[in-house]
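Hydrogens, waters and symmetry mates play no part in the numbers below; they use all other heavy atoms, side chains included.
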Amino acid sequence: MEGSEANPVLASRDGPLLTLTLNRPHRLNAVSRSLYERLVAELEGAEGDRDTRCVILTGNGRAFCAGADLKAHRERPQPPEERRRYTETAQRANRLIQTIGTPVVAAVNGHAIGAGLELALSADFAIVADDARLRLPEVALGTFVGGGAVYTLAERVGVLKAREIILLGDFFSGAQAAAMGVVNRAVPAAEVLDEATSLAHRLARRAPIPLAAAKKLIGPAAALSREEALERERAALEEIFGTEDWREGLAAFHEKRPPRYRGE
């Protein structure tokens, strides 16, 4: 077994940052069930680790992720039970990126197609190479999108543009993605990881409890009534008023120093 197949996701730490690198470069980091399973394990670990303040998701080699491994699917057709396990694991990985309290920054260093773009859309922030090629080709290929793309994309660009991107499946560049609001910003490929790391460090310095509350509410709140959204905001604020980090934030403000948040 090639090293990348034995280790489909590499994990490295830099202080409060956890970088997860998709590691199937010989297949342009095309997803597999083992890759999704490794992502799930790492994300679950990050959720329970108070010292991990931000996750960076990137790819090894010249692509971020080329989507489903269509060659493997054709050579080894999966029975229904295997297909179910594959899709459930894929959805679980994307759900974790979307819902863990720890912020996730996608450093899209190259092409992000199909499942690759779905992973980037699941992240809280996405920094993309301006010349990367992006696409959701599933419908054009006779299959269907996953990872929550039916709502993560519409949240960013609106329903009309989301229909266009999903139903037509056309390619667009990283620069075009930034202009449309699909991603946060596009930069030269050589700067993607540095830009994402700088952003991740900024997020890591934020108080983790209110940050997690904001992540939980922003986006999903659009599906709530005004009263429900206000009530959830009130409940979050009331809880945060009782934290040590709230008191630390006040003290740091009055003492004119950077706060030292501990997630307590």
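The pair Arg38-Glu42 meets the salt-bridge criterion, with a side-chain N (NZ, NE, NH1 or NH2) lying under 4.0 Å from an Asp/Glu carboxylate O. Of the charged side-chain nitrogens involved, none lies within less than 4.0 Å of a carboxylate oxygen, so that Glu88 and Arg92 do not count as a salt-bridged pair.
Tyr86 and Gln91 form no side-chain donor-acceptor contact under 3.5 Å, judged by distance and modelled atom types alone. Remark: the Asn60 side chain and the Asn23 side chain contain an N/O donor-acceptor pair separated by less than 3.5 Å. Thr19 and Arg13 form no side-chain donor-acceptor contact under 3.5 Å, judged by distance and modelled atom types alone.
In this structure, Thr52 and Pro16 have side chains that are not in contact, with every pair of non-hydrogen atoms separated by 4.5 Å or more. Using a 4.5 Å heavy-atom threshold, the side chains of Val192 and Val108 count as separate. A heavy-atom distance below 4.5 Å is not found between the side chains of Asp49 and Leu18. With a 4.5 Å cut-off on side-chain heavy atoms, Ile240 and Asp245 do not count as touching.
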Show which side-chain atoms of residues 133-140 pair as donor or acceptor with protein atoms under 3.5 Å away, not counting sequence neighbours.
| from | atom 1 | to | atom 2 | distance (Å) |
| --- | --- | --- | --- | --- |
| Arg135 | NE | Gly169 | O | 2.3 |
| Arg135 | NH2 | Gly169 | O | 3.4 |

Kindly list each side-chain donor-acceptor pair under 3.5 angstrom involving residues 252-264, sequence neighbours excluded, with atom names and distances?
| from | atom 1 | to | atom 2 | distance (Å) |
| --- | --- | --- | --- | --- |
| Glu255 | OE1 | Arg257 | NE | 2.6 |
| Glu255 | OE1 | Arg257 | NH2 | 3.4 |
| Arg257 | NH1 | Glu248 | OE2 | 2.6 |
| Arg257 | NH2 | Glu248 | OE1 | 3.1 |
| Arg257 | NH2 | Glu248 | OE2 | 3.3 |
| Glu264 | OE2 | Arg50 | NH1 | 2.9 |

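Annotation: side chain to side chain donor-acceptor pair (under 3.5 Å) contacts of Arg185 (sequence neighbours excluded): Glu195.
The line from CD of Glu228 to CG of Leu230 is 10.5 Å long, rounded to the nearest 0.5 Å. With rounding to the nearest 0.5 Å, the separation of CD in Glu118 from SG in Cys65 is 9.0 Å.
Distance alone, capped at 3.5 Å, places no donor-acceptor pair between the Glu239 side chain and the Pro210 backbone. With hydrogens and angles disregarded, a donor-acceptor distance shorter than 3.5 Å links the side chain of Thr58 to the backbone of Ala107. A distance-only check finds a donor-acceptor pair linking the side chain of Thr87 to the backbone of Arg83 [under 3.5 Å]. Under the 3.5 Å distance criterion, the side-chain polar atoms of Lys215 are left unmatched by any main-chain donor or acceptor of Pro103. Side-chain atoms of Glu47 come within 3.5 Å of backbone atoms of Gly101 as a donor-acceptor pair (strictly under, hydrogens ignored). A donor-acceptor contact shorter than 3.5 Å is absent between the side chain of Arg206 and the backbone of Arg53.
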